[in-house]
Amino acid sequence: MLRLGVNIDHVATIRNARGTPWPDPLRAARIAQEAGADGITAHLREDRRHISDADIDALMEHLTLPLNLEMAATPEMQRIALRHRPHAVCLVPEKREERTTEGGLDVAGNENFLGDFIAPLREAGCRVSLFIGHEARQIEASARIGAAVVELHTGAYCDLDTEGRFDERDAELAGLAEGARLADDLGLEVHAGHGLTFDTVGPIAALPQVKELNIGHFLIAESVFTGLGEAIGEMRRRMNEARQ
Ligand code: PXP
């Protein structure tokens with residue numbers, strides 16, 4: 001079955017807007033679990049703009065679902081990951097001035113560095129995932145350095161859909177499908193995520209090689225109107241429908 005990882009970063013964004021203890025990301029994680037999430041994803045950014053170190057402490061202590069810790073490939077983040085040993089570590093490129101993770105990691109251009117960076121994480125038992133675009137050279141480099149998982153960046157596909165640029169969206173979708181096939185052939189587990197909504201999730205969920213989707217911003221946005229459990233339930237329903 002296709003797994004759903006719920007990204008709870010933006011529960012922390014709302015909390016941090018006021019500096020209150022609420023809404024609590026751990027409470028969101030528990031509701032996500034009840035609503036059928038298979039895992040929780042949290043991105044500890046270098047500037048701590050949403051998830052905090054204390055959030056990661058609390059999630060590691062109390063969460064019974066697997067935690068996928070998203071982070072940049074920096075020495076500080078590596079130390080934090082090695083201290084917590086979460087189920088999975090997803091490496092993402094990070095720029096301070098960006099609003100969200102804008103592109104994929106350049107694994108092909110940093111093969112030696114990233115190979116060395118992930119070695120201790122693998123030894124510590126973390127499943128290492130690399131957030132990349134669907135280009136063959138990035139996928140091949142990910143396999144060469146020994147990553148277990150690649151998460152394919154669906155942001156461009158989603159943006160093109162929102163902008164009504166449907167021919168370009170379909171070309172991007174074809175690229176993602178090809179990337180998923182190549183990654184699977186190379187023995188990588190394939191995940192996908194970024195920007196997914198009720199309207200865009202279907203064609204990605206339908207890619208047979210994709211084992212997990214990580215979805216955050218849209219679910220938290222939708223939960224303002226319907227509640228988080230309901231939003232997750234509807235996303236699950238659409239994922240399952242697309243998969244059949
Ligand atoms: N996957 C990765 C690697 C991400 O960096 C993000 C955003 O933090 C997501 C998935 C989820 O994206 P969104 O919040 O747009 O659903």
Side-chain angles (χ1 to χ4, degrees), residues 2-14 16 25 28-29 32 37-52 55-56 59 66-73 77 81 86-96 98-107 114 126-134 138 142 147-162 176 179-180 183 188-202 204-205 210-224 228 231-232 234-236 238-239:
L2 178 60
R3 295 193 303 269
L4 171 61
V6 172
N7 180 315
I8 55 171
D9 291 350
H10 298 300
V11 176
T13 303
I14 298 171
N16 296 357
D38 302 290
I40 297 297
T41 295
H43 183 177
L44 185 66
R45 292 188 77 103
E46 290 181 87
D47 62 9
R48 310 301 198 268
R49 70 173 74 156
H50 36 58
I51 292 293
S52 66
D55 290 328
I56 299 296
L59 289 166
L67 179 69
N68 175 31
L69 174 64
E70 277 181 26
M71 59 181 224
M77 291 298 154
H87 166 77
V89 169
C90 179
L91 296 183
V92 300
E94 212 176 279
K95 292 192 227 95
R96 264 170 204 267
E98 70 190 356
R99 234 186 299 171
T100 182
T101 314
E102 280 166 1
L105 267 183
D106 180 12
V107 186
L114 287 171
C126 300
R127 249 176 116 58
V128 174
S129 167
L130 303 176
F131 188 48
I132 58 171
H134 56 69
Q138 301 296 352
S142 301
V149 179
V150 285
E151 180 165 331
L152 299 180
H153 198 317
T154 53
Y157 153 76
C158 292
D159 288 345
L160 291 165
D161 184 81
T162 306
L176 287 163
L188 291 156
E189 185 171 304
V190 185
H191 298 180
H194 209 284
L196 291 169
T197 66
F198 289 158
D199 289 339
T200 50
V201 75
I204 301 297
V210 173
K211 301 287 187 299
E212 178 176 308
L213 299 182
N214 282 300
I215 309 180
H217 182 261
F218 178 82
L219 287 174
I220 305 306
E222 193 62 15
S223 74
V224 171
L228 186 56
I232 291 170
E234 177 62 15
M235 190 62 85
R236 257 246 101 95
R238 290 182 187 230
M239 285 165 58

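In each ligand, atom 1 is the first atom listed, and ligand 1 is the first ligand listed.
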Only heavy atoms of [X], strictly under 4.0 Å: list the atoms of ligand 1 that pass.
X: Gly195; value: 12 (O), 13 (P), 15 (O), 16 (O)
X: Asn214; value: 10 (C), 11 (C)
X: Glu151; value: 1 (N), 2 (C), 3 (C), 10 (C)
X: Gly216; value: 13 (P), 14 (O), 16 (O)

Give me the one residue out of Asn68, Ile8, Asn7, Leu69 that meets side chain to side chain contact (heavy atoms under 4.5 Å, CB included) with Ile40.
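Option passing the side chain to side chain contact (heavy atoms under 4.5 Å, CB included) with Ile40: Ile8.
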Heavy-atom closest pair, residues Ser142 and Leu130:
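That closest heavy-atom pairing would be OG-CD1, 3.6 Å.
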Quick one: sort the His153 and Phe131 rings into parallel, tilted or perpendicular, breaks at 30° and 60°.
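Parallel, since the angle between the ring planes stays under 30°.
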Okay, side chain of [X], backbone of [Y]: is any donor-acceptor separation there less than 3.5 Å?
X: Thr41; Y: Val6; result: no
X: Asp159; Y: Ala156; result: no
X: Gln138; Y: Val107; result: yes

Between [X] and ligand 1, does any nitrogen or oxygen pair lie at a separation below 3.5 Å?
X: His43; result: no
X: Ile215; result: no
X: Val92; result: no
X: His217; result: yes

Part of Glu70 with heavy atoms under 4.0 Å of ligand 1, whether side chain, backbone, both or neither
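Answer for Glu70: side chain.
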Side chain, backbone, both or neither: which part of Asp9 comes within less than 4.0 Å of ligand 1 when only heavy atoms are counted?
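Asp9 to ligand 1: side-chain contact only, backbone stays beyond 4.0 Å.
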Cut-off 3.5 Å, side chains only: do Asp161 and Thr200 have a donor facing an acceptor?
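No - no donor-acceptor pair under 3.5 Å links their side chains.
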